[in-house]
Amino acid sequence: MLSVSKLSFERYFERVFEPVSFELGAGSLLLVTGANGCGKTTLLRVLAGLLESSEGELNCHQQPLYAGHHPAIKDDLSVAENIRFLMNFMGRRETPDKVDDDLCQEVIEKIGLAAVAQQEGRTLSAGQRKRCSLSRLLFCDEQLWLLDEPYSNLDHEGIVMLDGILRGHLENGGACVMTTHGSLRPEGFELQECFMRSGRHTSTWQAA
Amino acid sequence: MSKPALSTAFWALLRRDFLLAYRRRAELLQPLVFLLVVVTLFPLGVGPSPQLLANIAPGVIWIAALLATVLPLDSLFRSDYEDGTLEQMVLSGQPLALIALARILAHWLVAGLPIVLLSPLLAVWMNLPDAGVPVLIKSLIIGTPVLSLIGAIGAALTVSLKRGGQLLSLLVFPLYVPLLILATSAVSAAVAGLPYNGQLGLILAGMIAALTLAPFATAAALKLSLS
């Protein structure tokens, strides 16, 4: 699904991380760990296509879903309006039996935001914003997910919920690359793990 | 893969922009009040002689309109850039030029069109002779989209800068010069009873050129700002 060979990225003529190579098939999860600032987010942005890699090859069969640190939530729109916009704009899974309103309602309930569905984005807590931005995982149909620190700000219940969503995705033949700085990690998954170490300038890549 | 049709995404974006504009309606009124205040200051500054005001009316109204359109330009892509919506737009697989065009269209409808609607009032305030009023309105109808289209390129280039507003003005004002010259000379010509179709035709040509090219330049600038 995703194959990467000797991929590296330079910023101002300095490598952010050493060349990276890995293969990711259907149903597999790659966990990228490392300290703050070692280049995990940069790697995901290169994989998503937001940054141009400076060397190496990146083969990705289709556009991945990228959920980064910015939640893409509008402060002036309600949770429901935000989700509706994302559904219409970014696309959603084919569910012929459901109209948009029902699907939107279902997503809001599943993600645990039913109580605040009509509240404006600015009134949400950090964890609720994270849930709202992760709501895309429930209605999108991309096969490859790139999740940048998806557990940050989530409460215990949210973490369990996210693990459940991820398990369903992997069982359906999806794949996922996830970064984490270590303290929170997916529990009970079969996974490949890679560790990025901060160098003086560049980070090295090590299969754990 | 069920990527939404281009038209669905376009309308979804336009609808969102109008909803956002409605929620932030105080921000929308500011440029219009600014426009009215600037035009009101001129008679106080240069003296209330009716003939003098009539002579400078086309230039004053057009410059005020230009300033009032540039004011909200800085925020055209800024909030989308800061909250991550812009990177999702780039990743959505929809053509970025059309996304930019939807944003520009929404900007013109909430910032340019009200100026056109206010212009008859401004013409009365500045004692513009009746012969000039229809031409002033026409020049604003075809001229203000050019302001939004060219301004969007500048807004996209400066979106990643913390304080891009002043640089944005420096970037786009020189590009507005031909438009300003043509528009004011069309209105002055109409007041003097001379033919003015040539000037209006050139503005229209400029608008069509901007309409076809500016969205692509804006899209390229947005991609540059994201990396």
Turns out that what part of A/T42 lies under 4.5 Å from chain B's heavy atoms comes down to neither

Under 4.5 Å to a heavy atom of chain B? For A/R45 that would be side chain

When every non-hydrogen atom of B/R23 is compared with those of A/L77, the smallest separation belongs to NH1-CA, 3.8 Å

Taken to the nearest 0.5 Å, the spacing of B/K223 NZ from A/E52 CD works out to 9.5 Å

Worksheet item: Do other residues, nucleotides or ligands put more than 12 heavy atoms under 6.0 Å from the CZ atom of B/R78?
Response: yes

Residue from A/P71, A/A72, A/C140 scoring the most non-hydrogen pairs under 4.5 Å with chain B is A/A72

So OG of B/S92 and CG of A/L86: to nearest 0.5 Å the spacing works out to 10.5 Å

Between the CG atom in B/D83 and the CG atom in A/N82, the distance rounded to the nearest 0.5 Å is 8.5 Å

d(A/K74 NZ, B/L20 CG) to nearest 0.5 Å is 6.0 Å

Could you tell me whether the side chain of B/Q88 reaches within less than 4.5 Å of the side chain of A/R136, counting heavy atoms only?
yes

Chain A shares the most heavy-atom pairs under 4.5 Å, among B/L91, B/L86, B/V90, B/T8, with B/L91

Bottom line for A/I73: the part with an atom under 4.5 Å from chain B's heavy atoms is backbone

So ring pair (Phe, Tyr, Trp, His ring centres under 6.0 Å) across residues 41-86 of chain A, not counting sequence neighbours, yields A/F85-A/F89

* **Atom CD of A/E10 with >12 non-hydrogen neighbours under 6.0 angstrom** => yes

**OP:** Report, as yes or no, whether the 6.0 Å neighbourhood of atom CZ on A/F189 holds more than 12 heavy atoms from other residues, nucleotides or ligands.
**Re:** yes

>> Tell me if the CZ atom of B/F18 is crowded by more than 12 foreign heavy atoms within 6.0 Å.
In response: yes

Honestly, the part of A/Q143 sitting under 4.5 Å from a heavy atom of chain B is neither

Nearest heavy-atom approach of A/N88 to B/A12 is CB-CB, 3.5 Å

Under 4.5 Å to a heavy atom of chain B? For A/E120 that would be side chain

Side-chain donor-acceptor pairs of residues 165-174 of chain B under 3.5 Å, sequence neighbours excluded:
| unit_1 | atom_1 | unit_2 | atom_2 | d |
| --- | --- | --- | --- | --- |
| B/S169 | OG | B/G165 | O | 3.0 |

Taken to the nearest 0.5 Å, the spacing of B/L19 CG from A/E81 CD works out to 4.5 Å

Whatever's closer than 4.5 Å to a heavy atom in chain A on B/E82 counts as backbone

One should read off an interatomic distance between B/R16 CZ and A/D76 CG, to the nearest 0.5 angstrom, of 10.5 Å

Under 4.5 Å to a heavy atom of chain A? For B/I99 that would be side chain

